[in-house]
**Q** 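Submitted below is the structure of interest, expressed as structure tokens.
This is a predicted model, so every value here is computed, not measured. Ligands are counted one by one from 1 in listed order, and the atoms in each one are counted from 1 as well.
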Amino acid sequence: MDSETLSTLNSNIKNHSPVQSNGLISAPDPPKQPFVIGVAGGTASGKTTVCNMIISQLHDQRVVLVNQDSFYHSLGDDTLAQVYDYNFDHPDAFNTELLLSCMEKLKNGRAVNIPNYDFQTHKRIGPGWKVNPSDIIILEGILVLHDPRVRDLMNMKIFVDTDSDLRLARRIQRDTVERGRNIQNVLDQYARSVKPSFEEFILPSKKYADVIIPRGGDNDVAIDLIIQHIRAKLGQHHLCKIYPNVSVIHSTFQMRGMHTLVRDVKTTKHDFVFYADRLIRLVVEHGLGHLPFTEKQITTPTGSIYPGVVFCKRLCGVSVIRSGESMENALRACCKGIKIGKILIHGEGNNGRQLIYEKLPADISSRHVLLLDPVLASGNSAVKAINLLLSKGVVESNIIFLNLIAAPQGIHVVCKKFPKLKIVTSEIDVTLDEDLSVIPGMGEFGDRYFGTNN
Ligand SMILES: Nc1ncnc2c1ncn2[C@@H]1O[C@H](COP(=O)(O)OP(=O)(O)O)[C@@H](O)[C@H]1O
Ligand SMILES: Nc1ccn([C@@H]2O[C@H](COP(=O)(O)O)[C@@H](O)[C@H]2O)c(=O)n1
Ligand SMILES: [Mg+2]
């Protein structure tokens, strides 16, 4: 490899930019998007308290908190003269356009200026404050789940659900201490606008929440579950967020070690086969976990009842010759007596793929199909194979495509064309090179596995 090719490759890896090649779908990977959490709920329900708990427990992440309150319209003198008639709990009290534009910028990795709102003067004060883009953006406020445009920005929607009497008691305490109000003001405002608007706008938005937290900050279990979910989502490859049907096996040091061996150019054929087989077994087991099951209670030798499940029986494997045949043993070891069909597709580079040979079970249309190919590269062969299965009457959502490694380009091609099919892989690689080889990849899998490389 000459130094120019090497430097192009390195820059492709660094930039995660797929090679533009012969019409192959090669949209560059989007920048890593932050995870946006919306936290709504009635006044003094504990939204700010819950957000602070989430932030402190996510201490190893970059988190930014944006308050909807910052986007209250500043009141002019005329309105201020009649402030007791003003409804601060109506959607029109907020500058939602400004909120949307700030959130869009943050989502796209740009810093923004957030206004500073003063609850005593009902006005914006000072120049505001600069917020930098972060891994996680939390948007908190009474009405953040009300407007569909704001909801659409969110990856997770939370509603803090606290008893109304408790909220009123807390609000009296907070507003008299922190917001310069007297008890009579707070009670009048509550009866006149806070409670009616809660019933008209805030409570109905609860139905959009993914998670409802009863008792707010007192609910440690709910907050702990939310933290776990956020951590899991942040660890996911961005393609799994775009395509929910792509499943990457949870990475462990054991798996990284096996990948290190199979990817190493110096690994012997013997070791390559051994570690590839171990990885294949994991992929097959993981893939089987996506099959439907029925519940079945059994009695154990101790006379106890065990609430078990029964595996789906109508299954078959289909290997894409020749590399896919390396996955057949693992499938047979997991599914006793499973039928396995074969497909041979010819084609090089990005030129058309041709079906050369196929032998599939006659009743394949009524089966769940595990399609076997260790490497998903451009996706061209995969598309040919999947189209053949569909033409035989296999239901798209009954196909699980199993790979050891997958290139982003192949994932885009397959998932866009077949959104109901599932892909299970053990690692998503960086890109493809000009020859449509996966980078960093593991070389020509079939040659290394079957010992036909020179
Ligand atoms: N679990 C709780 N127990 C006691 N006081 C609480 C609890 N959660 C919140 N508070 C208090 O209630 C008031 C309102 O809580 P806050 O989190 O600011 O609500 P919100 O942001 O929904 O208006 C604050 O003074 C806060 O200290
Ligand atoms: N000038 C203002 C602006 C808002 N409010 C009240 O604040 C409540 C929202 O804040 P929370 O922290 O309680 O969610 C909302 O219910 C408004 O009535 C205000 O009193 N004065
Ligand atoms: Mg608050």
**Q** So is E140 close enough to ligand 2, meaning a heavy atom under 4.0 angstrom away?
**A**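 It does not, in that no heavy atom of E140 comes within the 4.0 Å cut-off of ligand 2.
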
**Q** Yes or no, since that's all I need: does a protein heavy atom fall within a distance strictly under 4.0 Å of atom 20 (P) of ligand 1?
**A** yes

**Q** Could you tell me the residue and atom name of the protein heavy atom closest to atom 27 (O) of ligand 1, and the distance to it rounded to 0.1 Å?
**A**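 Result: T49 OG1, 4.7 Å.
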
**Q** Please round to the nearest 0.5 Å and tell me the distance separating atom CD of E140 and atom OG1 of T48.
**A**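 Going from the CD atom of E140 to the OG1 atom of T48 covers 3.5 Å.
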
**Q** If we count only N and O atoms by modelled type, under 3.5 Å, do the side chains of D188 and Q184 hold a donor and an acceptor together?
**A**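 Yes, because at least one side-chain N or O of D188 sits under 3.5 Å from a partner of the opposite role on Q184.
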
**Q** Please determine, by modelled atom types, if H259 and S426 share a side-chain donor-acceptor pair under 3.5 angstrom.
**A**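 There is such a pair between these side chains.
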
**Q** What do we get for E140 next to ligand 1 when only non-hydrogen atoms under 4.0 Å count, side chain, backbone, both or neither?
**A** side chain

**Q** Would a line drawn from the ring center of H122 to the ring center of Y72 be shorter than 6.0 Å?
**A**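 No, ring centres 6.0 Å or more apart.
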
**Q** Hey, is S45 one of the residues with a heavy atom under 4.0 angstrom from ligand 1?
**A**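 It does, in that a heavy atom of S45 comes within the 4.0 Å cut-off of ligand 1.
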
**Q** As a test of understanding, state which of L371, I399, L421, I386 forms a side-chain contact (heavy atoms from CB on, under 4.5 Å) with V394.
**A**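 Among L371, I399, L421, I386, the one that satisfies the side-chain contact (heavy atoms from CB on, under 4.5 Å) with V394 is I399.
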
**Q** List every atom of ligand 2 that sits less than 4.0 Å from any heavy atom of A44, numbering the atoms from 1 in the order shown and giving each element.
**A**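 Close to A44: 13 (O).
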
**Q** Around atom CD of Q173, are there more than 12 heavy atoms of other residues, nucleotides or ligands at under 6.0 Å?
**A**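 Atom CD in Q173 is not crowded, with 12 or fewer foreign heavy atoms closer than 6.0 Å.
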
**Q** Looking only at side chains, do R314 and S366 share a donor and an acceptor under 3.5 Å apart?
**A**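 The criterion, which ignores hydrogens and geometry beyond distance, is satisfied for S366 and R314.
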
**Q** Of all the non-hydrogen atoms in the protein, which one sits nearest to atom 1 (N) of ligand 1, and at what distance?
**A** D218 OD1, 2.9 Å

**Q** Under the side-chain hydrogen bond (donor to acceptor under 3.5 Å, both in side chains) test against Y243, which residue among K422, H237, H412 passes?
**A**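 Among the candidates, only H412 passes.
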
**Q** Just to confirm my output: which protein heavy-atom neighbour is closest to atom 13 (O) of ligand 2, and how far is it?
**A** T43 OG1, 2.6 Å

**Q** Side chains of N87 and S197: is there a donor and an acceptor less than 3.5 Å apart?
**A** yes

**Q** Look at atom 7 (O) of ligand 2 and say which protein heavy atom is nearest, naming residue and atom and giving the distance to 0.1 Å.
**A**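 Heavy-atom neighbour on the protein nearest atom 7 (O) of ligand 2: R179 NH1, 3.1 Å.
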
**Q** Could you list which atoms of ligand 2 come closer than 4.0 Å to a heavy atom of Q189?
**A** 18 (O), 19 (C), 20 (O)

**Q** Heavy-atom contacts with V194 under 4.0 Å: which atoms of ligand 2 show up? List them by number with element.
**A** 18 (O)

**Q** Quiz question for you: does at least one protein heavy atom lie closer than 4.0 Å to atom 24 (C) of ligand 1?
**A**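 Within 4.0 Å: no protein heavy atom nearby.
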
**Q** Show the atoms of ligand 2 that are less than 4.0 angstrom away from any heavy atom in R181.
**A**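 Counting atoms of ligand 2 from 1, those under 4.0 Å from R181 are 2 (C), 19 (C), 20 (O), 21 (N).
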
**Q** Taking the inter-plane angle between the rings of H290 and H286 on a 0 to 90° scale, is it parallel (under 30°), tilted (30 to 60°) or perpendicular (over 60°)?
**A** tilted

**Q** Quick one: does R124's side chain have a donor or acceptor within less than 3.5 Å of a partner on D118's backbone?
**A** no

**Q** Closer than 4.0 Å to some heavy atom of D89 - which atoms of ligand 2 meet that?
**A** 15 (C), 16 (O), 17 (C), 18 (O)

**Q** I'd like the name of whichever of R174, Q120, K47, R171 reaches closest to atom 12 (O) of ligand 2 through any heavy atom.
**A** R174

**Q** Counting each atom of ligand 2 from 1 as listed, which ones have a heavy atom of Y117 under 4.0 Å away?
**A** 1 (N), 2 (C), 3 (C)

**Q** Evaluate the side-chain proximity of D147 to F94: yes if any heavy-atom separation is below 4.5 Å, no if none is.
**A**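 Contact flag for F94/D147 side chains = no.
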
**Q** Rounded to the nearest 0.5 Å, how far apart are CZ of F201 and CG of L203?
**A**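 With rounding to 0.5 Å, CZ (F201) is 12.5 Å from CG (L203).
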
**Q** I'd like the name of whichever of M53, K47, R167, R170 reaches closest to atom 5 (N) of ligand 1 through any heavy atom.
**A** R170

**Q** State the atoms of ligand 2, each with its element, that fall below the 4.0 Å cut-off from a heavy-atom position in I142.
**A** 14 (O), 15 (C)

**Q** So, 2.8 Å as the limit: is an N/O/S atom of N67 located closer than that to the Mg ion (ligand 3)?
**A**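 Coordinating: no.
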
**Q** Can an N or O of G46 be found at a distance shorter than 3.5 Å from an N or O of ligand 1?
**A** yes

**Q** May I ask you to identify the nearest protein heavy atom to atom 3 (C) of ligand 2, giving residue, atom name and distance to one decimal place in Å?
**A** F88 CD2, 3.4 Å

